[in-house]
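Naming: A, B, ... by sequence-line order, numbering from 1 per chain.
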2 protein chains.
Amino acid sequence: MPTLVPGHAPDLVPDLVPDLSDGQALMVLRALADPIRLRVVEALAGGERCVCELTAELDLAQSRLSFHLRVLRQAGLIGARQQGRWMYYRLEPGALPGLRDWLDRLVSPRPLRSGPAPLPCR
Amino acid sequence: MPTLVPGHAPDLVPDLVPDLSDGQALMVLRALADPIRLRVVEALAGGERCVCELTAELDLAQSRLSFHLRVLRQAGLIGARQQGRWMYYRLEPGALPGLRDWLDRLVSPRPLRSGPAPLPCR
DNA sequence: ACCATAGATCAACTAATCTTGATGGGTCCG
DNA sequence: CGGACCCATCAAGATTAGTTGATCTATGGT
């Protein structure tokens, strides 16, 4: 069953997270497959952060963090908002749920040959 | 809520999939973050396959496939069974659900600072 | 206008991952 | 036993990803 996410103000109607293509899912998986980017995602799970907060919180060089933020943004996992000289990053609400749903679809589809295939190859 | 998977014969009591540590989740993500390994997982979602079937189905050199099978096995995503000269690989039933649950835990925890933080950094 | 700060981007380097072809160990069959 | 087949592993090279330090733009404060 597809996932609903809280819906943007002011209507509060839950948004349906759109299905990820295999290519999109691959991008997201690649983006998550790094310990630093995972820490960034965890930090952003606690709410919006600006880059200078993240460099402090994660103890990373600015350039290094910027590189990883770009990977996450290109994968659609995070979004950014500029305020004054600060750049605030946030988790894109549908992204992780989208991956979750994609995973569900990966596991479930047609168990055509579920048990052991007793006969050898040829 | 944690995931149940179909339980191994003959008792049929559903198995509870154990929580993945962050380190384990990272391994699984890294294993999935590759187009070839994703195709292997999709193929195995259709049931057990031996290596020679997979090389044919995915049109890969044996050595290349073997490399990726090892990555998937080390991540706990797939398991193997030898029968005669054939090696049969299957999806490890708990692995993908385990990652799914880990993802759920990643999204949900404490939205301490959910909205925009209106005040600039300093 | 000037300077300080936030952050993106770039080029050069290092490190990790993938690929390829070769080799070797099992297993089965004649 | 000898040969054919299935598969894992290894070493060398190719490819890709990540790091570092420097530079550049934009914003805001004085």
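Residue M87(A) has its side chain nearest to dG7(C) when only dG7(C), dC18(C), dT20(D) are considered. The side chain of S66(B) lies closest to dA8(D), out of dT27(C), dA8(D), dG18(D). When each of dA8(C), dG7(C), dT20(C) is scored by its nearest atom to the side-chain atoms of Y89(A), the top-ranked nucleotide is dA8(C). Between dC18(C), dG7(C), dA6(C), one nucleotide has an atom nearer to the side chain of R37(B) than all others, and that is dC18(C). Side-chain proximity of S63(B) to dC7(D), dT9(D), dG7(C): nearest is dT9(D).
Note on I36(B): only backbone sugar-phosphate atoms sit closer than 4.0 angstrom, heavy atoms only; bases stay farther off.
The two residues R39(A) and L60(A) have their closest heavy-atom pair at NH2-CD2, 4.2 Å. Closest non-hydrogen pair, A31(A) versus A75(A), comes out as CB-CB, 3.6 Å.
Whole-Å rounding puts the R81(B) CZ to dG26(C) C1' distance at 17 Å. Following rounding to the nearest Å, L60(A) (CG) and dG7(C) (P) show an atom-to-atom distance of 13 Å. With rounding to whole Å, W86(A) atom CH2 is found 11 Å from dT5(C) atom P. Taking atom CD of residue Q83(B) and atom C1' of nucleotide dT27(C), one finds them 12 Å apart after rounding to whole Å. Straight-line distance from the CG atom of L65(B) to the P atom of dT19(C): 11 Å, rounded to whole Å. Here dG18(D) presents its C1' atom at 17 Å from CG of L32(A), a figure rounded to the nearest Å. One interatomic measurement links the two molecules: CZ of R64(B) to P of dC7(D), which rounds to 18 Å at whole-angstrom precision. When the C1' atom of dC18(C) is taken as reference, atom CG of L38(B) falls 16 Å away, rounded to whole Å.
Inspection of the Q83(B) and R81(B) side chains reveals an N or O donor paired with an N or O acceptor under 3.5 Å.
In this structure, R90(A) and I78(A) have side chains that are not in contact, with every pair of non-hydrogen atoms separated by 4.5 Å or more. Taking the side chain as every heavy atom from C-beta outward, Y88(A) and E53(A) approach each other to under 4.5 Å. In this structure the side chain of L77(A) never reaches within 4.5 angstrom of the side chain of R37(A), judged on heavy atoms.
For the pair D34(A) and R85(B), nearest-nucleotide mapping onto DNA chain D gives the more 5' position to R85(B).
Put simply, the side chain of D101(A) never gets that close to the backbone of V17(A): no donor and acceptor are under 3.5 Å apart.
In the interface, the side chain of Q62(A) is not paired with the base of dA6(C) through any donor and acceptor atom under 3.5 Å apart.
Applying a 4.0 Å cut-off to non-hydrogen atoms, the residues of residues 67-77 of chain B that approach DNA chain D are R70(B), listed by residue number.
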